[in-house]
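Numbering of ligands and ligand atoms starts at 1, following listing order. Note that the structure is predicted; figures quoted are calculated from it, not measured.
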Amino acid sequence: MTANEVRSQAITEVLNRPAAGTEEITPLCDTWATDVFNLAKMEEALSKNAFKAVKKTVQTGEPLDPATADIVAAAMKDWAMSKGAKFFSHVFFPLTNITAEKHDGFIITNGDGHAITEFTGSLLIKGEPDGSSFPNGSLRMTNAARGYTAWDPTSPAYIKRTANGATLMIPSVFMSWTGESLDKKIPLLRSNAAMDAAARRVLTLMGETDIAPLNASCGPEQEYFLVDEHLATRRPDLLLAGRTLFGAPPAKGQEFDDHYFGAIPERVQNFMQDVEDKLYRLGIPAKTHHNEVAPGQFEIAPYHETANIAADHQQIVMTTLKATAAEHGFLCLLHEKPFAGLNGSGKHVNWSVGNETQGNLLDPGTSPEHNLNFLLFCGAVIRGVHKFGPLLRAVIATASNDHRLGANEAPPAILSVYLGDQLEAVFENIKNGKISVSSDGGEMDLGLSQILNFKRDPGDRNRTSPFAFTGNRFEFRAVGSSQSVSGPLVAMNTMLAESLNWIADQLEVQLGQGKTHAEAVAVVLKELMEVHGSAVFGGDGYSSEWHEAAVAERGLRNLPTSADALPVFTEPDVVELFESTGVLSAVELNSRYEVYSEQYINSIAVEAKLVIDLAKTVIYPAALKYASELATTFTAVESLGASFDATQVKVIAENANLLLATVGELSAELERHDFADTKAHMEHCATVIRPLMEKARGYADTLETEVDDAAWPLPKYRELLFIK
Ligand SMILES: NC(=O)CC[C@H](N)C(=O)O
């Protein structure tokens with residue numbers, strides 16, 4: 001079959017795809033959390049005392065005594081086996097963005113060949129996968145190769161189903177034998193603890209006496225693309241790199257805004273409902289789905305949950321999207337920029353902190369006391385974004401997200417915070433001392449009257465802001481669609497912990513001088529805003545004026561590529577932040593730098609190799625073949641005394657030659673390994689390899705618009721995006 005026949009066959013296959021059959025519809029009450037071993041299931045299965053002990057562990061993360069662990073493990077096994085499970089697996093989250101699992105059977109045989117099942121407390125609590133192939137960023141050079149997984153009782157076990165079976169999945173942490181974190185969960189748990197301790201200090205100083213444990217919450221909005229598998233499998237770039245490395249812009253893209261919130265194609269809605277059905281069985285509160293801006297782009301967003309659980313659930317959402325898409329004949333792309341020139345995919349992380357006693361501390365409440373707390377927590381966020389903006393940039397730095405930032409509703413690489421008009425005015429007044437706080441306990445106005453009348457949507461939504469206040473939470477918009485949410489949550493929780501500790505120190509001084517709470521808050525926030533208020537920005541984050549002013553006038557850092565941003569992990573103030581809060585040791589932090597840098601370099605190397613391969617073996621031959629057909633025809637026509645304009649064949653020859661020459665240069669640059677350090681290697685990727693890939697793409701995309709459509713080997717944008 002010739003290349004173009006392969007492409008047209010793919011289109012035919014999509015068009016002849018049978019409609020998905022209707023499955024029996026199960027009511028939500030019959031499916032919700034049926035596959036989760038949650039507290040309700042434990043209460044049914046355990047004795048009163050065992051349940052009491054496990055409930056405490058679930059709520060606080062405190063270890064279980066071995067005897068109770070055995071009882072819980074046995075109950076968990078019985079429950080899982082009643083669901084058809086024959087295997088169990090600790091689920092963990094190594095420094096790649098994947099979800100890792102190693103399955104073991106419940107089965108053991110006794111001496112005479114009889115099979116019995118067993119699952120002890122120690123098997124539940126600890127697993128020992130051979131971790132040697134996971135990235136560890138030098139942690140293993142000094143430590144043993146073995147990695148341990150340990151049960152995280154604060155995130156419930158659940159059942160993973162396939163057509164042929166079920167497996168008990170146990171959310172776990174993953175560490176080296178010396179206890180260093182090799183994963184994304186341990187720092188998340190530690191960052192929550194740091195935030196809890198610091199928040200508790202502030203709230204206590206503010207006169208609160210009953211303070212329940214504080215948790216960060218997270219609601220991640222997952223954007224993704226769907227491409228029919230027949231077309232996708234004919235695009236090696238989509239299969240191996242998750243994005244198109246070539247592709248001329250289609251005549252129609254997203255300029256009519258006719259996809260966003262439009263009627264969801266039936267085949268896609270079928271897919272979405274299948275995904276949600278699976279998620280509901282796992283107790284994942286999928287809440288919203290809709291068409292996104294780019295053709296072929298969609299979104300799924302759950303209701304917010306405690307950050308640790310939300311992070312585990314988000315990983316399940318990603319794997320479920322991919323697996324279910326395959327069942328429906330789609331390839332699901334979680335890449336941040338699969339198609340040039342169209343909107344990319346983000347994973348906006350909605351983040352807040354709160355507890356059962358004080359409620360959501362980023363929600364302006366209805367009483368002045370609550371609003372003082374709100375102002376302090378909000379101020380702490382502003383300070384955090386200002387002090388650690390470069391860190392927030394670093395935790396969203398991946399080769400794929402670099403393509404997305406700074407255009408098409410994705411925020412720029414400069415980290416600022418958007419408050420909305422009303423709240424911005426309150427903080428501006430505080431900074432300028434325009435707020436009157438009388439010391440005799442009389443009239444007091446800390447902008448509170450404004451806040452008490454606060455409307456839920458206090459300002460316009462600013463899609464160009466990387467970090468936006470949206471009424472009762474912050475939305476970290478810069479996070480990429482393929483990422484784990486843990487890294488961004490760790491950075492936010494930790495910067496908040498550090499800021500709240502600073503605020504507590506200042507409050508102690510002010511209150512010690514006999515000031516009232518309102519007066520102390522006014523003084524502390526005035527100083528905070530004087531030093532850190534320059535991170536607040538409500539304007540157009542894409543404009544060149546902002547890019548200049550942010551750096552020159554406000555001293556914010558612009559870190560356009562991951563090569564610029566990742567080294568932030570090694571900067572002294574960031575090391576100090578993580579060490580002082582106990583979230584990551586210097587060694588653990590450095591391992592992150594090494595792993596993420598290596599991932600950046602490897603991702604770009606894979607893409608560059610694909611560009612070379614596709615250019616030489618797919619695109620150039622197609623161009624050559626068509627040019628030679630034209631040349632043969634021209635000669636034949638000339639022999640009849642007529643002639644064709646040869647401009648087109650010249651354009652094809654010229655671009656084909658330039659394409660080959662550019663990928664030749666690219667090959668030579670890829671061979672280079674003489675870099676002083678990782679940073680220099682990353683810079684080479686960003687400033688030499690990537691521009692050469694873009695240059696090659698330019699020639700190839702011109703060829704796509706010149707070569708006979710029937711002779712073009714790769715499915716085109718119009719097909720990938722519009723055929724469903
Ligand atoms: N509607 C939207 O908010 C679009 C967001 C955009 N897709 C992004 O990359 O973040």
Side-chain angles (χ1 to χ4, degrees), residues 97 218-227 242-244 253-264 268 272 287-302 304 314 317-318 321 332-351 392-393 395-418 420 457 459-471 473-485 487-489 492 537-538 540-542 546 560-562 565 717 720-721:
N97 281 318
C218 162
E221 302 169 18
Q222 173 76 59
E223 297 180 328
Y224 60 93
F225 280 83
L226 290 175
V227 176
R243 75 171 178 117
T244 52
Q254 60 189 44
E255 59 273 65
F256 293 106
D257 298 323
D258 53 354
H259 186 64
Y260 192 49
F261 286 8
I264 301 169
V268 174
M272 289 172 163
K287 174 104 179 103
T288 306
H289 63 226
H290 56 80
N291 285 3
E292 251 304 327
V293 174
Q297 192 187 24
F298 307 92
E299 174 172 315
I300 177 169
H304 65 86
Q314 219 292 307
V317 169
M318 288 198 283
L321 282 173
C332 174
L333 302 172
L334 297 180
H335 192 287
E336 283 77 0
K337 197 76 173 178
F339 301 98
L342 298 173
N343 267 29
S345 294
K347 177 146 50 203
H348 306 175
V349 171
N350 292 283
W351 166 77
L392 292 174
R393 170 67 184 93
V395 294
I396 53 114
T398 58
S400 48
N401 207 14
D402 279 1
H403 293 288
R404 165 181 166 257
L405 298 178
N408 298 107
E409 297 181 306
I414 305 170
L415 260 290
S416 61
V417 57
Y418 170 78
D457 256 328
D460 198 8
R461 292 183 65 146
N462 189 332
R463 292 179 186 279
T464 70
S465 173
F467 210 89
F469 183 68
T470 57
R473 59 186 184 273
F474 281 90
E475 183 182 1
F476 189 8
R477 292 180 61 87
V479 183
S481 50
S482 68
Q483 272 193 273
S484 152
V485 292
L489 288 168
M492 291 189 280
F537 177 64
D540 175 4
Y542 292 166
W546 167 242
T561 72
S562 297
Y717 267 33
L720 298 169
L721 293 164

query: Taking distance alone, with no angle check, do Arg477 and ligand 1 share an N/O pair under 3.5 Å?
result: yes

query: Any heavy atom of His348 sitting closer than 4.0 Å to ligand 1?
result: yes

task: Using distance alone, with no hydrogens and no angle criterion, decide if Gln297 and Asn343 have a side-chain donor and acceptor under 3.5 Å apart.
output: no

task: With sequence neighbours excluded, tell me which residues meet salt bridge (charged side-chain N to carboxylate O under 4.0 Å, His left out) with Arg243.
output: Glu607

task: Could you list the atoms of ligand 1 found under 4.0 angstrom from a heavy atom of Tyr260?
output: 1 (N)

message: Just to be sure I read this right, does ligand 1 sit under 4.0 Å from the backbone of Glu336, its side chain, both, or neither, counting only heavy atoms?
response: neither

field: Residues in salt bridge (charged side-chain N to carboxylate O under 4.0 Å, His left out) contact with Asp540, at least two apart in sequence or another chain
entry: none

statement: d(His289 NE2, Ile264 CD1) to nearest 0.5 Å is 4.0 Å

field: Sub-4.0 Å heavy-atom approach of Glu292 to ligand 1
entry: yes

- request: Decide side-chain hydrogen bond (donor to acceptor under 3.5 Å, both in side chains) for Glu336 and Ser482; before the verdict, give the C-alpha distance in whole Å, the side-chain angles of both, and the deciding distance to 0.1 Å.
  value: CA-CA 7 Å; Glu336 283 77 0; Ser482 68; 2.9 Å; yes

- prompt: Going by distance only, is there an N or O of Pro411 that falls short of 3.5 Å from an N or O of ligand 1?
  reply: no

